[in-house]
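In this text the structure is predicted, and so the values were computed from the model without any measurement. Naming convention: chains lettered A, B, ... in sequence-line order (proteins, then strands); numbering from 1 in each chain.
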Amino acid sequence: MVRYLVDRSAKVAIDDEIRGHVEWDGGLIPDPVIMRGNGMPLYNFATVIDDIDLEITHVIRAEEHLSNTPVQMLLFEALGATPPVFAHIPFVAAPGTKEKLSKREKKIEKYRKSPQFKKLFDIADDVLPKLGLGSSETLNPVMVAYYEAVGFLPEAVLNSLSRLGWSLDDKTENMSLDFVVENFTLDRVVKAPAGLDPDKLLAYQEYWMSQLPLEKKVDGCLPFLEKAGLIDAQERHREFVGRLVEALGDRLKLFSDILSYDEYFVSDDHLVYDEKAFEMRIQKPERAVELLAKYREVLAASSIFTASALEEGFKSWMESEGISYGDIIHALRVAVSGKATGPGMFDCLAILGQERCLNRLDQAIKRVAK
RNA sequence: GGCCCCAUCGUCUAGAGGCCUAGGACAUUGGAUUUUCAGUCCAAGAACAGGGGUUCAAAUCCCCUUGGGGUCACCA
């Protein structure tokens, strides 16, 4: 074993690009082991050798390394090398805290329950099982892989991380990689650790998703649909998924959100109804079934099945019946999609197509009769 | 505990002595728009940890206190 003998009277100091002047008292630094008994050099020694060898000019690393720095400085000096410029940036903290984000099992369990972090875990528990990737037990938001697995955009993750402990000015929020590379400077790094903010991450995700052209969104959604077994060969469904994604608009935030619209992919007899919605919008209202049956005939007679044509036909039918949107639209939505929410009503009908709409209407009406 | 770092709205931040009755973003609340949801638009509430200095003037400089954090391996 080899130790480096520290000069007890020495003062070790660095001028950190971010922390400024930091000093240590040599008398308080224990002689560091630089090589093991078996000849294996240790980190603090090896890293210094590497930095000298590779002519490293700047060491930019997280603040937790600050306490290693005096030892490394001593070694640089002992080896007669010019030490690099150090910049100790703050680490990423757990949401709502100043504590270093940790991967330790005990901490993960704490995060899972934290109000700020919970929604990211919930996404994992919702999405991962559908993909056959386990749950938040196997992949969670302290892992980079999580973000890709649940359909975050790299742009959003990068943007979010960039703004943690750094800002360009008092208003720039949305930044691409190129922009950050172009504009990042060490002197604007904040000194205090910053907690990851899941809400803000999600907001960046919304922004970058909104900037994505339709075809890219489709590219992003197809693999999720396939892994979830909702479609087979991706290319065969491209056009259909494209229409759905377009109708979904801003509703699609994560690529995996497409999985919550399974009603567009399952066969009519496998459609799952939201029981509460079914009860409230179809079962309970006085005229719901009667109106659904009547509108079914209108749909059956529609020769052009586009959203705009359907809406026109719907309007004139409403007039002739003397009813308004509210009287029928909710029942119609639940009948054809099984759910209370979704894209625009007529987009929904058009995407499903005539045959499926009629089948589902019949099925819903029959369901009430039982 | 020793050593070191840090401290502006709930969160991420702007602020490098007067431009600050402290700005922006996310979140929150209210309103508008809408066939649902999402969105969009408008508006509101919300912070300089405390105490001493220095100065004509301090969120900004100095000191102390308090609070928070990192690190203390023959790991990296």
Side-chain angles (χ1 to χ4, degrees), chain A residues 1-3 12 14 16 18-20 22-30 32-47 61-71 88-100 102 115-116 119 159-174 187-207 209-210 247-253 257 260-261 277 281 311 314-315 318 323-334 337 339-348:
Chain A
M1 186 223 329
V2 180
R3 284 180 189 274
V12 189
I14 60 167
D16 192 278
I18 292 160
R19 310 282 142 190
V22 185
E23 253 186 27
W24 293 267
D25 183 350
L28 268 15
I29 303 172
V33 174
I34 59 176
M35 193 183 281
R36 271 203 285 240
N38 65 9
M40 178 72 82
L42 265 4
Y43 168 71
N44 271 136
F45 182 52
T47 192
R61 58 183 11 170
E63 177 190 345
E64 55 200 287
H65 280 284
L66 193 53
S67 50
N68 282 324
T69 311
V71 170
H88 287 93
I89 62 178
F91 48 79
V92 174
T97 74
K98 297 287 180 201
E99 248 169 85
K100 194 167 72 154
S102 158
Q116 300 96 326
K119 63 181 67 172
N159 202 157
S160 173
L161 257 19
S162 303
R163 284 287 288 98
L164 243 39
W166 180 76
S167 69
L168 176 63
D169 52 32
D170 60 339
K171 45 193 55 136
T172 310
E173 291 288 344
N174 299 125
D187 64 298
R188 291 199 59 83
V189 172
V190 172
K191 295 175 176 178
L196 174 73
D197 185 345
D199 279 324
K200 204 149 184 179
L201 202 214
L202 256 3
Y204 286 121
Q205 171 69 17
E206 273 182 55
Y207 171 77
M209 192 58 106
S210 77
L248 249 22
D250 294 327
R251 274 164 279 243
L252 190 79
K253 289 170 183 163
D257 286 344
S260 59
Y261 297 95
R281 319 247 67 147
E311 178 155 20
F314 186 84
K315 275 181 181 160
M318 278 199 310
I323 58 171
S324 60
Y325 279 109
D327 295 323
I328 176 69
I329 206 121
H330 302 294
L332 181 57
R333 178 186 297 282
V334 175
S337 76
K339 292 173 185 165
T341 65
M345 188 67 252
F346 304 101
D347 284 323
C348 168

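- Computed from coordinates, the A:Asp187 CG to B:rA14 C1' distance equals 14 Å when rounded to whole Å.
- We find the CD-NZ distance between A:Glu206 and A:Lys200 to be 13.5 Å, quoted to the nearest 0.5 Å.
- Using a 4.0 Å heavy-atom criterion, one finds that A:Val2 contacts no nucleic acid atom at all.
- For A:Asp250, counting side-chain heavy atoms from C-beta on, the closest listed nucleotide (B:rG39, B:rA76, B:rU35) is B:rG39.
- In this structure, the separation between CD1 on A:Ile329 and CZ on A:Phe314 is 4.0 Å, given to the nearest 0.5 Å.
- Within the 4.0 angstrom heavy-atom criterion, base atoms lie near A:Arg333.
- Closest to the A:Leu164 side chain, of the nucleotides B:rU35, B:rC4, B:rC12, is B:rC12.
- One atom, CG of A:Asp347, and another, P of B:rA38, lie 17 Å apart when rounded to the nearest Å.
- Going from the P atom of B:rA46 to that of B:rG23 covers 11 Å, rounded to whole Å.
- Comparing A:Gly37 and A:Pro343 against RNA chain B, the residue whose closest nucleotide sits nearer the 5' end is A:Pro343.
- Counting non-hydrogen atoms under 4.0 angstrom, A:Gly326 reaches nothing in the nucleic acid.
- Residue A:Asp197 is in base contact, counting any heavy-atom pair closer than 4.0 Å across all strands shown.
- Base pairing analysis places B:rG10 opposite B:rC26; the two distances defining the Watson-Crick or G-U wobble pair are each below 3.5 Å.
- Distance CZ (A:Arg251) to C1' (B:rU40): 13 Å, rounded to an integer number of Å.
- One interatomic measurement links the two molecules: CG of A:Asp16 to C1' of B:rG70, which rounds to 14 Å at whole-angstrom precision.
- Using a distance-only test at 3.5 Å, with no hydrogens or angles considered, a donor-acceptor pair links the side chain of A:Gln205 to the main chain of A:Lys253.
- Between A:Trp24 atom CH2 and B:rC5 atom P there is a gap of 7 Å when expressed in whole angstrom units.
- When heavy atoms are screened at a 4.0 angstrom cut-off, A:Gly165 is found touching the sugar-phosphate backbone but no base atom.
- Nearest nucleotide to the A:Thr341 side chain, out of B:rU36, B:rA7, B:rA76: B:rU36.
- Taking atom C1' on both nucleotides, B:rU13 is separated from B:rC74 by 43 Å, rounded to a whole Å.
- In this structure, CG of A:Leu202 is placed 11 Å from P of B:rU28, rounded to the nearest angstrom.
- Within residues 88-98 of chain A, the residues approaching RNA chain B are A:Phe91, A:Lys98, by heavy-atom distance under 4.0 Å.
- Nucleotide B:rC41: paired with B:rG31 (Watson-Crick or G-U wobble, both distances less than 3.5 Å).
- Using the Watson-Crick or G-U wobble rule with both distances under 3.5 Å, B:rU54 pairs with nothing in any strand shown.
- Summarising the geometry, atom CZ belonging to A:Phe45 is positioned 4.5 Å from atom CD1 belonging to A:Ile34; distances are rounded to the nearest 0.5 Å.
- Looking at heavy-atom distances under 4.0 Å, A:Arg281 makes no contact with the nucleic acid at all.
- For the pair A:Leu168/A:Trp166, a side-chain contact is recorded, criterion being any heavy-atom separation below 4.5 Å from C-beta on.
- The nucleotide whose nearest atom lies closest to any side-chain atom of A:Arg36 is, among B:rC74, B:rA38, B:rG69, B:rC74.
- Note on residues 161-172 of chain A: pairs passing salt bridge (Lys or Arg N to Asp or Glu O under 4.0 Å), not counting sequence neighbours, are A:Arg163-A:Glu173.
- Atom NZ in A:Lys119 sits about 14 Å away from atom P in B:rC26, given to the nearest Å.
- Picking from B:rC4, B:rU35, B:rA76 the nucleotide with the shortest atom distance to the side chain of A:Tyr43 gives B:rA76.
- Using a 4.0 Å heavy-atom criterion, one finds that A:Glu23 contacts the sugar-phosphate atoms exclusively.
- A distance of 5.0 Å separates OG1 of A:Thr69 from CG of A:Leu66, quoted to the nearest 0.5 Å.
- Counting heavy atoms from C-beta on, the side chains of A:Val12 and A:Ile29 come closer than 4.5 Å.
- The nucleotide whose nearest atom lies closest to any side-chain atom of A:Ala203 is, among B:rC5, B:rA76, B:rC26, B:rC26.
- Nucleotides B:rA14 and B:rU8 have their C1' atoms positioned 10 Å apart, rounded to a whole Å.
- Heavy-atom distances to RNA chain B give each of A:Tyr325 and A:Leu252 a nearest nucleotide, and the one nearer the 5′ end belongs to A:Tyr325.
- You'll find the side chain of A:Arg188 reaches within 4.5 Å of the side chain of A:Ser167, heavy atoms only.
- Within 4.0 Å of A:Asn68, counting heavy atoms only, lies at least one base atom of the nucleic acid.
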field: CA sep, side-chain torsions, deciding dist, call: A:Ser162, A:Asn159, side-chain hydrogen bond (donor to acceptor under 3.5 Å, both in side chains)
entry: CA-CA 5 Å; A:Ser162 303; A:Asn159 202 157; 5.4 Å; no
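- Nearest to the side-chain atoms of A:Arg3 among the listed nucleotides B:rC74, B:rU35, B:rU71 stands B:rC74.
- Closest to the side chain of A:Ala194, from the set B:rA76, B:rU13, B:rU35, is B:rU13.
- One C1' atom belongs to B:rG51, the other to B:rA43, and the distance between them is 39 Å to the nearest Å.
- Taking the P atoms as reference points, B:rU29 lies 43 Å from B:rC72, given to the whole Å.
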Check the interface with nucleotides 22-25 of chain B: list each N/O to N/O pair with the protein under 3.5 Å, or write none.
| residue | atom | partner | partner atom | Å |
| --- | --- | --- | --- | --- |
| B:rG23 | N2 | A:Asp170 | O | 3.3 |
| B:rG24 | N2 | A:Arg163 | NH2 | 3.4 |
| B:rG24 | N2 | A:Glu173 | OE2 | 3.1 |
| B:rA25 | O4' | A:Glu173 | OE2 | 3.4 |
| B:rA25 | N3 | A:Lys200 | NZ | 2.8 |

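- Remark: of the listed residues A:Lys191, A:Arg19, A:Lys100, A:Arg19 is the sole one forming a salt bridge (Lys or Arg N to Asp or Glu O under 4.0 Å) with A:Glu63.
- One N or O on the side chain of A:Asp16 and one on the backbone of A:His88 form a donor-acceptor pair closer than 3.5 Å.
- The gap from the P atom of B:rA58 to that of B:rG17 amounts to 14 Å, rounded to the nearest Å.
- Pairing of B:rU60, defined by two Watson-Crick or G-U wobble distances under 3.5 Å, is not identified with any nucleotide.
- Across the strands present, B:rG70 finds its partner in B:rC3; the criterion is a Watson-Crick or G-U wobble pair with both atom distances under 3.5 angstrom.
- The distance between atom NZ of A:Lys191 and atom P of B:rA59, rounded to the nearest whole Å, is 19 Å.
- The shortest distance between the side-chain N/O atoms of A:Lys100 and the OP1/OP2 oxygens of B:rU71 is below 4.0 Å.
- We find the CE-CE distance between A:Met1 and A:Met40 to be 16.0 Å, quoted to the nearest 0.5 Å.
- For B:rC72, the OP1/OP2 oxygens have no side-chain nitrogen or oxygen of A:Ser67 closer than 4.0 Å.
- Taking atom C1' in both B:rG67 and B:rA27, one finds a spacing of 25 Å when rounded to whole Å.
- B:rC19: no Watson-Crick or G-U partner with both key distances under 3.5 Å is found in any strand.
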